Amino acid sequence: MKPRIPKGGFFAAKCRNQNLDDLEHRLKESGAQTLTFHDQGLVLAAWKEFPGQELWADKNAAVAYDLDLTNEAELLKLVDLGHNERPDPGQLLWALYRKFGSDFPDRLRGAFGFALWDGKKGNLLVATDPYGIRPVAYSHKSGGLVAASRMKHILLAPDISREIDPEAIYHYLFFQAICSPVSIYKDIRKLEPGKALYFENGSLKEFVHYDIRYQPDMSLGESHWIKTIPQEVEKAVAVYAPMSTPEKTGCFLSGGTDSSSVAGYYTKVSGRPAKTFSIGFNEAKYNELDYAHIAARHFGTEQNDYYVTPLDVLNLIDALPRIYDEPFANASVVPAYYCARMARESGVEVLLGGDGGDEIFGGNERYVTNLVFERYFLLPRALRTLLLEPLLEKLPSVGPLYKTGRYIRRANMRNPERFFSYNLLAETDPAEIFQPEYLSQLDTNCFIDLARSHYDRAAPAHDTDRLLYIDMKFTITDNDLRKVTQMVEAAGVKVRYPLLDRDLVDFTATIPPTLKVKPGKNRYIFKQAMEGFLPHEIIKKTKHGMGLPVAPWFKKDPGLSELLNDTLFSGVPRITQYIRPEFINEMKSAFQADSTSYYGDSLWVYMILELWLREGGGAAEDRRLQTHSRFSCMSGHEVLLENIKNIQTQERMTDYATKK
């Protein structure tokens with residue numbers, strides 16, 4: 001089964017003084033159902049891949065939506081829709097809007113992205129859910145607004161430039177993803193989680209309909225949280241369990257605490273063994289199937305395994321620039337896809353993921369590391385400022401003393417700079433990495449400034465909660481959810497995230513941060529609470545995740561090694577318009593001499609960017625449409641030459657695969 005290119009979602013365009021026929025034709029040709037109000041300059045569209053992706057219209061109202069609501073029954077009680085027991089979800093949104101106004105998205109639970117048109121007032125309301133599970137992108141120019149679930153669909157609109165934003169490239173290289181509101185294209189922005197747009201008379205207003213507010217209850221002791229955390233996690237899983245039949249539902253199972261909790265509680269609340277799906281590797285360092293099997297035996301699930309190989313990477317990698325609308329370097333997309341494909345081939349239509357647990361319960365090691373730096377300030381101020389810090393300039397640049405100096409320097413950084421100070425781009429002179437012309441277009445503080453804006457917005461919360469807040473905005477919205485959702489949909493499966501149930505997230509915001517993370521202990525209170533439910537081995541295990549053995553495979557596998565060399569070290573790679581070729585070669589030399597995964601993982605980031613730049617990313621499908629139209633005007637000889645070129649490109653990727 002080949003990966004499909006996800007299309008599902010909504011589209012809305014409010015244009016000034018434009019003929020809408022061409023746009024409507026492009027949308028229909030791409031597979032969308034459309035709804036056009038020529039007198040209003042409005043086009044709505046929907047691509048229907050999964051339930052909840054639709055259009056609805058009435059006399060003076062219309063809604064294009066991508067919904068997966070968990071509280072539809074409660075919402076129906078809030079409005080009067082007559083005797084219609086199963087109204088169209090778009091009609092429900094319209095009724096909520098009429099009763100509660102533009103703030104009504106705060107009443108929605110679950111995943112949603114939509115555009116709602118009020119014909120009487122002439123305004124357009126666009127919103128995304130609290131965590132960006134259903135993403136929304138938009139472009140506001142020439143007095144108009146275009147919004148959609150996917151950037152590739154915004155590019156169908158006229159006058160949307162494909163010019164790349166220099167800061168987006170920096171975001172990508174810093175974070176391996178591009179963080180909202182930035183997108184790869186200058187003309188397109190990504191709507192941040194929990195936000196909405198109100199567009200009227202050419203004017204655009206952005207507002208917040210939901211945000212996490214950390215209000216820890218310090219009056220309650222550990223015993224209270226040990227009792228209530230399992231109850232709240234079970235309650236969240238119970239919200240999602242009835243939304244699909246057990247026969248068609250499965251659970252990701254990595255063997256970590258989050259996926260194990262979801263699989264365990266799903267088994268409990270559904271009253272039957274969960275179907276669980278896990279990924280393994282032949283490289284022992286990366287393989288966690290033993291822990292997945294411990295969880296499967298403990299809860300009695302129906303366990304399924306798949307071993308990912310280098311050949312699997314080669315068979316998938318050519319599709320990645322078309323699956324993702326912008327460069328995306330998380331290598332875990334590969335195991336995520338094959339895990340979802342295995343589930344689809346087993347008859348599963350919906351997968352439950354454990355994403356979000358680290359960011360609400362304090363599971364990342366970086367939170368613990370931050371406390372290590374905070375301990376430096378337990379030393380007397382005079383000792384720090386009069387003795388230790390003056391010695392920094394005299395310490396050698398290698399060895400234990402250098403590490404001591406580096407520790408002190410990082411401890412003296414303010415967050416969020418300290419939180420991201422491990423990053424290569426934060427530690428290296430930009431002139432050593434980037435081309436001068438590119439640097440002249442760039443503010444190298446662009447990523448950290450955005451991180452600081454989130455950190456400041458979470459004030460006056462405790463430092464740990466403020467770092468959790470940043471990760472909810474960056475790691476969850478723009479990395480983990482993008483990774484899993486896109487790859488699961490590419491396998492033809494829908495995904496839901498019980499640990500991102502809004503009521504559960506809001507509950508965890510009341511847990512004291514000093515109980516979430518303690519010195520040397522991540523997830524402290526969560527692990528205490530889950531003793532007795534989760535297997536002891538899983539609670540005590542070191543966090544790993546669904547990583548990919550990129551570095552060893554680049555060295556050992558002939559196909560991947562050749563792909564890397566052909567992509568980055570043959571000819572003139574496109575990324576050298578941003579990155580100095582000398583730097584890339586230095587990274588290659590370091591990779592060849594190094595036994596860790598660091599440099600191999602970095603080369604994967606550069607390779608994915610190069611492949612995306614070659615493919616054109618989100619514009620790829622449009623180019624195929626244009627190519628199809630161009631063929632009709634070609635001579636037979638020209639068509640033959642074009643086909644030969646396409647076959648040669650396909651054969652190149654086949655060669656990589658067959659060299660296994």
Side-chain angles (χ1 to χ4, degrees), residues 3 168-178 184 279 281-283 285-287 308-324 326-338 422-425 428 433 475 478-480 482-484 486-487 490 544-570 573-576 578-581 583-615 617 653 656-657 659-660:
I169 297 294
Y170 188 87
H171 270 246
Y172 169 84
L173 293 172
F174 196 105
F175 194 66
Q176 291 78 63
I178 300 168
I184 189 63
I279 288 298
F281 305 97
N282 286 324
E283 287 70 15
K285 180 181 175 183
Y286 293 83
N287 187 41
V308 174
T309 68
L311 181 60
D312 288 324
V313 180
L314 292 168
N315 287 335
L316 177 65
I317 200 164
D318 201 35
L320 293 181
R322 289 177 284 126
I323 291 173
Y324 288 92
E326 58 185 0
F328 186 77
N330 190 328
S332 295
V333 298
V334 176
Y337 169 74
Y338 285 103
Y422 64 90
N423 193 286
L424 176 68
L425 269 63
T428 308
I433 303 175
T475 304
D478 289 310
N479 200 320
D480 290 353
R482 300 286 185 266
K483 171 192 72 179
V484 178
Q486 289 294 93
M487 299 317 293
H544 189 279
M546 200 187 291
L548 188 73
V550 169
W553 284 356
F554 274 158
K555 288 183 176 179
K556 298 176 184 177
D557 183 77
L560 280 175
S561 178
E562 186 173 349
L563 174 62
L564 176 66
N565 285 317
D566 283 1
T567 305
L568 292 182
F569 304 106
S570 299
R574 286 167 172 79
I575 62 169
T576 56
Y578 307 108
I579 305 172
R580 295 172 63 247
F583 179 78
I584 300 173
N585 287 326
E586 289 170 7
M587 294 294 286
K588 180 183 181 182
S589 298
F591 162 66
Q592 292 170 336
D594 187 58
S595 61
T596 70
S597 64
Y598 180 82
Y599 294 104
D601 291 343
S602 298
L603 289 174
W604 172 275
V605 173
Y606 305 142
M607 185 181 76
I608 293 296
L609 177 58
E610 175 67 17
L611 292 172
W612 191 91
L613 291 170
R614 291 181 183 183
E615 177 68 25
M653 293 309 301
Y656 292 139
K659 283 179 181 177
K660 270 300 290 174

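The structure displayed is predicted, hence computed values, not measured ones.
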Participant: Okay, side chain of Tyr172, backbone of Val605: is any donor-acceptor separation there less than 3.5 Å?
Facilitator: yes
Participant: What's the shortest heavy-atom distance between Arg614 and Asp566, and which atoms?
Facilitator: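 Scanning both residues, the minimum pair turns out to be NH2-O, 3.6 Å.
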Participant: What closest approach, in Å, do Ile279 and Tyr338 show between heavy atoms, and which atom pair accounts for it?
Facilitator: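 Answer, listing the atom of Ile279 first, then Tyr338: CD1-C, 4.1 Å.
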Participant: Keeping Glu615 on the side-chain end and Pro321 on the backbone end, is there a donor-acceptor pair under 3.5 Å?
Facilitator: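 No.
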Participant: For the atom pair OG (Ser570) and CD (Glu562), what is the distance rounded to the nearest 0.5 Å?
Facilitator: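 It is 8.5 Å, given to the nearest 0.5 Å.
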Participant: How far does CG of Leu548 sit from CG of Asp601, to the nearest 0.5 angstrom?
Facilitator: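 Interatomic distance, Leu548 CG to Asp601 CG, rounded to 0.5 Å: 8.5 Å.
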Participant: Can you tell if the side chain of Thr475 reaches within under 4.5 Å of the side chain of Phe175, non-hydrogen atoms only?
Facilitator: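 They are in side-chain contact.
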Participant: Excluding sequence neighbours, so at least two apart, what forms side-chain contact (heavy atoms from CB on, under 4.5 Å) with Pro3?
Facilitator: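 For Pro3 the side-chain contact (heavy atoms from CB on, under 4.5 Å) partners, ignoring immediate neighbours, are Leu316, Ala319, Ile323, Tyr337, Ala490.
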Participant: Can a donor-acceptor pair be found, under 3.5 Å and without considering hydrogens, that links the side chain of Asp312 to the backbone of Thr309?
Facilitator: yes
Participant: Assess whether atom CZ of Phe591 is packed by more than 12 heavy atoms of other residues, nucleotides or ligands within 6.0 Å.
Facilitator: yes
Participant: Specify the closest pair of heavy atoms between Ile178 and Glu326, including all atoms of both residues, with the distance to one decimal.
Facilitator: CD1-OE1, 3.6 Å
Participant: What distance do Trp604 atom CH2 and Ile608 atom CD1 have between them, rounded to the nearest 0.5 Å?
Facilitator: 4.5 Å
Participant: For Asn287 and Asn282, indicate whether the former's side chain and the latter's backbone hold a donor-acceptor pair under 3.5 Å.
Facilitator: no
Participant: Enter the distance from Leu425:CG to His171:NE2 here, rounded to the nearest 0.5 Å.
Facilitator: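 Nearest 0.5 Å value for the CG-NE2 distance: 11.5 Å.
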Participant: How close do Leu568 and Glu610 get, heavy atom to heavy atom, and via which atoms?
Facilitator: CD2-CB, 4.1 Å
Participant: If you measure from CG on Leu173 to CD1 on Ile433, what distance do you get to the nearest 0.5 Å?
Facilitator: 8.5 Å
Participant: Donor-acceptor check, side chain of Asn585 to backbone of Pro581, threshold 3.5 angstrom: yes or no?
Facilitator: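 A pair under 3.5 Å: yes.
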Participant: Can any side-chain N or O of Gln176 pair as donor or acceptor with the backbone N or O of Asn330 at less than 3.5 Å?
Facilitator: no
Participant: Can any side-chain N or O of Asn565 pair as donor or acceptor with the backbone N or O of Ser561 at less than 3.5 Å?
Facilitator: yes
Participant: Report yes if the side chains of Ile169 and Leu609 come closer than 4.5 Å at any heavy-atom pair, otherwise no.
Facilitator: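 In contact.
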Participant: Do the side chains of Leu564 and Phe569 get nearer than 4.5 Å, heavy atoms only?
Facilitator: yes
Participant: For Asp480, what residues pass the side-chain hydrogen bond (donor to acceptor under 3.5 Å, both in side chains) criterion, not counting sequence neighbours?
Facilitator: none
Participant: Would you mind reporting whether Leu314 and Leu563 have side-chain heavy atoms less than 4.5 Å apart?
Facilitator: yes
Participant: Assess the residue pair Leu560 and Val313 against the criterion (side-chain contact (heavy atoms from CB on, under 4.5 Å)); give the C-alpha distance rounded to whole Å, side-chain angles, the decisive distance to 0.1 Å, and a yes or no.
Facilitator: CA-CA 8 Å; Leu560 280 175; Val313 180; 3.8 Å; yes
Participant: Once rounded to the nearest 0.5 Å, what's the spacing between atom CD1 of Ile584 and atom NZ of Lys588?
Facilitator: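 Those atoms lie 11.0 Å apart.
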Participant: Could you check if a side-chain atom of Met587 sits within less than 4.5 angstrom of a side-chain atom of Ile579, using non-hydrogen atoms only?
Facilitator: no
Participant: How close do Pro335 and Val308 get, counting heavy atoms only, and between which atoms?
Facilitator: CA-CG2, 4.2 Å
Participant: Would you call Tyr286 and Pro552 a side-chain contact if the rule is heavy atoms closer than 4.5 Å?
Facilitator: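 They are in contact (side-chain heavy atoms under 4.5 Å apart), so the answer is yes.
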Participant: Do the ring planes of Phe328 and Tyr324 sit parallel (below 30°), tilted (30 to 60°) or perpendicular (above 60°)?
Facilitator: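 Parallel: the ring planes of Phe328 and Tyr324 meet at under 30°.
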Participant: Which heavy atom of Val550 sits nearest a heavy atom of Ala331, and at what distance?
Facilitator: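 Looks like CG2-CB, 3.8 Å.
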